[in-house]
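Please read all numbers here as calculations on a predicted model, not as lab measurements. In what follows, chains carry the letters A, B, and so on, assigned in the order in which the sequence lines appear, proteins first and then strands, with residues in each chain numbered from 1.
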Number of protein chains: 2
Amino acid sequence: METNAPGLLLDRETKASERPGDHKDELRLWLRMLTCSTLIETEIRNRLREEFKTTLPRFDLMAQLDKSSTGMTVGEVSQRLMVSNGNVTAVVAGLLADGLVDKRAATQDRRVQVLTLTAQGRKAFKAMAERHEGWIAELFAELDQQQITQLFRLLGQTKTSLHRAIAARADGAAQGDA
Amino acid sequence: METNAPGLLLDRETKASERPGDHKDELRLWLRMLTCSTLIETEIRNRLREEFKTTLPRFDLMAQLDKSSTGMTVGEVSQRLMVSNGNVTAVVAGLLADGLVDKRAATQDRRVQVLTLTAQGRKAFKAMAERHEGWIAELFAELDQQQITQLFRLLGQTKTSLHRAIAARADGAAQGDA
DNA sequence: CGAAATTATTTTAGGCCTAAAATAATTTGG
DNA sequence: CCAAATTATTTTAGGCCTAAAATAATTTCG
């Protein structure tokens, strides 16, 4: 059961109580998470390039559009992907040139550009998404279902913690501005 | 204790046994991990820019050099940071210009460029590293020591799984070449 | 109504990053 | 020895990404 026996792992990894003001564990955790993310991202980039001659940003953008039947605005895509508006504009330009995405001004508010996948885009995405899902499963293959669930849950708590810490600091900065 | 009561979370998240060939859980896990990494990375980039007028790649490169007393070659830094040699060359150019890093050809093998932090670079890094460690702790503040340890361990297993899957595919490709 | 403020997107300038080609130095094997 | 192969780094061309400024359209409110 791997019970965290005191005197073994814990002694070497978590003696926070003995080191007040020390936050090395959090740092090590972050570096390890970054390593995992980078390994996955790099591998997926390579495979997308080799098998589909495309890039991760393009794939990610198409994935967002694929989830929406009615199309999405530049701003919505930008928020979902956590990238700038200008970046969406640029990536969309490439997809437009390849006929994978359609862009048109909304009829009621002509500031807004609505993006949708073309039929070709939907077809291309479907093929890529299927392979992509398999690649991810391959990469996580050594984790069993329980570990996946556990990791998913811990990352959920991490996400909550991050959102709160980031919001708290943004509030502080806004206060400072006033 | 959050015991994973069947019928609640598990029913919605992990019915892999009922969906053969389905790998949605791994995909969701990856997307959540990516969200966490991106949130942290973006926040750290912003704080480094606002408080120290520097960038994450520069900070990361200085962090590597700081850990080495004798200096590191371009290739070693490139491997540790998981970026291309060319990228190291470019980032180092900026740090050289700012007097934070020193670069000199090794005496015994003049192909090799040895990088070290200057006194100014070490001092600047020390100040940033201290703040950086605090920021990371802040971001993970809502996780207790046990959750940190657990997450660290699960990510360790993930890392192993990733390395094996990536190596396996590289081997396959090498076979295919022969 | 119409000027000012707001909102959505694009443009611009600049840094990061990669793969592939080029350069430069060293090692190897005939 | 010396030509070929190898190794380390840099250069090049091009895509991604951001912040800030610019543009364009809509909304608000006096």
**Asked** Taking a pair as Watson-Crick or G-U wobble with both distances under 3.5 Å, which nucleotide is matched to dT9(D)?
**Response** dA22(C)

**Message:** Check Arg169(A) with Glu43(B), please: is the shortest side-chain N to carboxylate O separation under 4.0 Å?
**Reply:** yes

**Interatomic distance, Arg110(B) CZ vs dT6(D) P [rounded to whole Å]** = 22 Å

**Asked** Is dT27(C) paired to anything, Watson-Crick or G-U wobble with both distances less than 3.5 Å, and if yes, which nucleotide?
**Response** dA4(D)

**Asked** What closest approach, in Å, do Cys36(B) and Leu155(A) show between heavy atoms, and which atom pair accounts for it?
**Response** SG-O, 3.5 Å

**Asked** Can you tell which of dA25(D), dC17(C), dC16(D) lies closest to the side chain of Pro57(B)?
**Response** dC17(C)

**Fill in**
Thr55(B) has its side chain closest, among dG15(C), dC17(D), dT26(D), to dG15(C)

**Request:** With heavy atoms under 4.0 Å as the rule, sort Asn46(B) into base, sugar-phosphate or nothing.
**Result:** sugar-phosphate

**Request:** Answer yes or no: is there a side-chain heavy-atom contact under 4.5 Å between Leu100(B) and Gln120(B)?
**Result:** yes

**Prompt:** Under 4.5 Å between any side-chain heavy atoms of Met33(A) and Phe140(B), yes or no?
**Reply:** yes

**Message:** Nearest whole Å is fine: how far is dC17(C) P from Glu41(A) CD?
**Reply:** 12 Å

**Request:** Rounded off to whole Å, could you give me the CD-to-P distance for the Gln108(B) and dT26(C) pair?
**Result:** 10 Å

**Fill in**
Rounded to whole Å, CG of Leu95(A) lies from P of dG15(D) at a distance of 13 Å

**Asked** Under 4.0 Å: is that the gap between some side-chain N or O of Lys103(B) and OP1 or OP2 of dT10(D)?
**Response** yes

**Request:** Test for a donor-acceptor pair under 3.5 Å between the base of dT7(D) and the side chain of Arg111(B), counting only N and O atoms.
**Result:** yes

**Message:** For a 4.5 angstrom cut-off between non-hydrogen side-chain atoms, does Arg47(A) reach Arg131(A)?
**Reply:** no

**Message:** Categorize Arg45(A) for me: base, sugar-phosphate, or nothing, with a 4.0 angstrom heavy-atom threshold over every strand shown.
**Reply:** nothing

**Asked** Can you tell me how far P of dG15(C) sits from CZ of Arg58(B), to the nearest Å?
**Response** 8 Å

**Complete:** Residues of residues 71-90 of chain A with a heavy atom under 4.0 Å from any atom of DNA chain C, listed by number, are Thr73(A), Val74(A), Gly75(A), Asn85(A), Gly86(A), Thr89(A)

**Request:** To the nearest Å, give me how far apart CE (Met62(A)) and P (dC16(D)) are.
**Result:** 13 Å

**Asked** So, do Arg28(B) and Leu31(B) sit near enough that their side-chain heavy atoms are less than 4.5 Å apart?
**Response** no

**Message:** To check you understand the geometry: which heavy-atom pair defines the closest contact between Met72(A) and Gln64(A), and what is its length?
**Reply:** SD-O, 3.5 Å

**Request:** State which of dA19(C), dA8(C), dC16(C) makes the closest approach to the side chain of Val112(A).
**Result:** dA8(C)

**Item:** Separation of atom CG in Leu56(B) from atom C1' in dG14(C), rounded to whole Å
**Value:** 17 Å

**Arg49(A) vs Gln113(A), nearer the 5' end of DNA chain C by closest nucleotide** = Gln113(A)

**Message:** I want to verify a distance call: between dA25(D), dT26(C), dC16(D), whose nearest atom is closest to the Asp109(A) side chain?
**Reply:** dA25(D)

**Prompt:** Rounded to the nearest Å, what distance is computed from the CG atom of residue Leu48(B) to the P atom of nucleotide dA19(D)?
**Reply:** 13 Å

**Request:** For the residue pair Thr70(A) and Thr116(A), establish whether any side-chain heavy-atom pair is separated by less than 4.5 Å.
**Result:** no

